[in-house]
Amino acid sequence: MNGKQRAAKEALKYIREGMVVGLGTGSTSECFIHLLAGEVKAGRFSNLRCVATSVQSENLARELGLTVISLHECGVVDLTIDGADEIDPRVHLIKGLGGALVREKIVEQNSRRFICIADSSKLVQRLGTKCPLPVEVLPFAHQVHENFFHSLGGTPRLRTREDGSPYVTDNGNYIYQLTFPRGIASPADLDRKLRSRAGIVGTGLFLSLADTALIGSDDEETVKVIRHRLSAS
Ligand code: 5RP
């Protein structure tokens, strides 16, 4: 078992019967979806319903026999389990390298609880030091955002598919990935500035959304639990 699988297995301990469970996107979330479906098939967690954060996760969950409902049907999700690209010591996150950042944020903002699962490679002291920040934009005149991204200290790159065409999200939008040479000094400030710009749909900064991170070790049979600390600056 690797770190992602260990974290996913640990997350099962937080699931109760009758819950509405939010399903994240990405390889760690896929481990969790497989494990959850195995438990449901074995007769545990009766009346469990799921809300997916991407078409990919929804398809996987349905294939494995989980009941998937839409977010508006339930209004509020009891608990969402999702991965992350970076996790800082206060459990502020960068998410979205899987391209599902906006749906993930909608589901997580409408969850009573969001627990992040990852292996230890995702831990950072400062956000933006290991991976770029994904930002979803409307396709309309998307190039005009590039100067704005530079003015905020980020170097933008439009995410593309293998054939060079823009990667398109489940929402029909594009994604810019912003690199910050020394990481992101003030994530809350950056997030506010990005979100104030027309045409920018959402950012991969998930600040004060997850209350707990479960970090699975690749080398030992341990899962570290990190609790959220207040202040998003
Ligand atoms: C998808 C995400 C994923 O949770 C994130 O990219 C982590 O992926 P993985 O579990 O494959 O490392 O935010 O939009």
Side-chain angles (χ1 to χ4, degrees), residues 1-12 21-36 50-61 71 77 79-88 91-111 113-124 127-137 157 159-161 166-179 184 187 191 194 200-218 223-224 226:
M1 200 181 270
N2 63 28
K4 290 183 179 190
Q5 291 163 331
R6 281 198 179 101
K9 188 167 176 217
E10 187 70 16
L12 286 178
V21 178
L23 305 175
T25 299
S27 56
T28 320
S29 293
E30 283 181 10
C31 291
F32 175 74
I33 296 170
H34 277 277
L35 291 171
L36 184 66
C50 301
V51 169
T53 55
S54 62
V55 173
Q56 197 183 328
S57 294
E58 175 167 354
N59 290 344
L60 177 65
L71 179 58
V77 171
L79 169 63
T80 293
I81 306 290
D82 195 1
D85 300 299
E86 283 189 352
I87 304 167
D88 83 1
V91 197
H92 299 320
L93 316 172
I94 285 185
K95 287 185 49 54
L97 289 188
L101 56 149
V102 170
R103 292 195 186 192
E104 288 171 336
K105 200 176 273 185
I106 293 171
V107 172
E108 282 144 30
Q109 284 180 341
N110 287 284
S111 296
R113 199 166 177 201
F114 163 31
I115 295 177
C116 170
I117 51 174
D119 63 25
S120 52
S121 70
K122 305 296 180 67
L123 294 175
V124 294
L127 294 179
T129 46
K130 280 193 186 171
C131 78
L133 173 67
V135 176
E136 184 162 330
V137 300
R157 194 181 64 79
R159 181 169 173 183
T160 52
R161 298 173 171 138
Y167 170 89
V168 179
T169 69
D170 286 347
N171 313 310
N173 296 320
Y174 295 167
I175 288 183
Y176 275 94
Q177 297 190 328
L178 311 188
T179 308
I184 301 170
D191 192 46
L194 286 167
I200 291 181
V201 179
T203 83
L205 286 164
F206 284 53
L207 309 176
S208 302
L209 275 178
D211 67 61
T212 302
L214 304 175
I215 308 297
S217 163
D218 277 329
V223 177
K224 184 173 160 187
I226 309 175

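Positions are given from 1, in the same order as the sequence printed here. Ligands are counted one by one from 1 in listed order, and the atoms in each one are counted from 1 as well.
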Residues with a heavy atom under 4.0 Å from ligand 1, by chain and number, are Lys4, Thr25, Gly26, Ser27, Thr28, Asp82, Gly83, Ala84, Asp85, Lys95, Gly96, Leu97, Gly98, Gly99, Ala100, Glu104, Lys122
What's the shortest heavy-atom distance between Phe114 and Lys95, and which atoms? CZ-CD, 4.2 Å
Considering all heavy atoms, the nearest Leu97-Asp85 contact: N-OD2, 3.0 Å
Hey, is the main chain of Ile117 close enough, under 3.5 Å, to the side chain of Lys122 for a donor-acceptor pair? no
Using modelled atom types and a 3.5 Å cut-off, is there a donor and acceptor pairing between side-chain atoms of Asp170 and backbone atoms of Val55? yes
Is there side-chain contact between Asn173 and Ile175, with heavy atoms separated by less than 4.5 Å? no
Are side-chain N/O atoms of Thr169 and Arg103 paired as donor and acceptor at under 3.5 Å? no
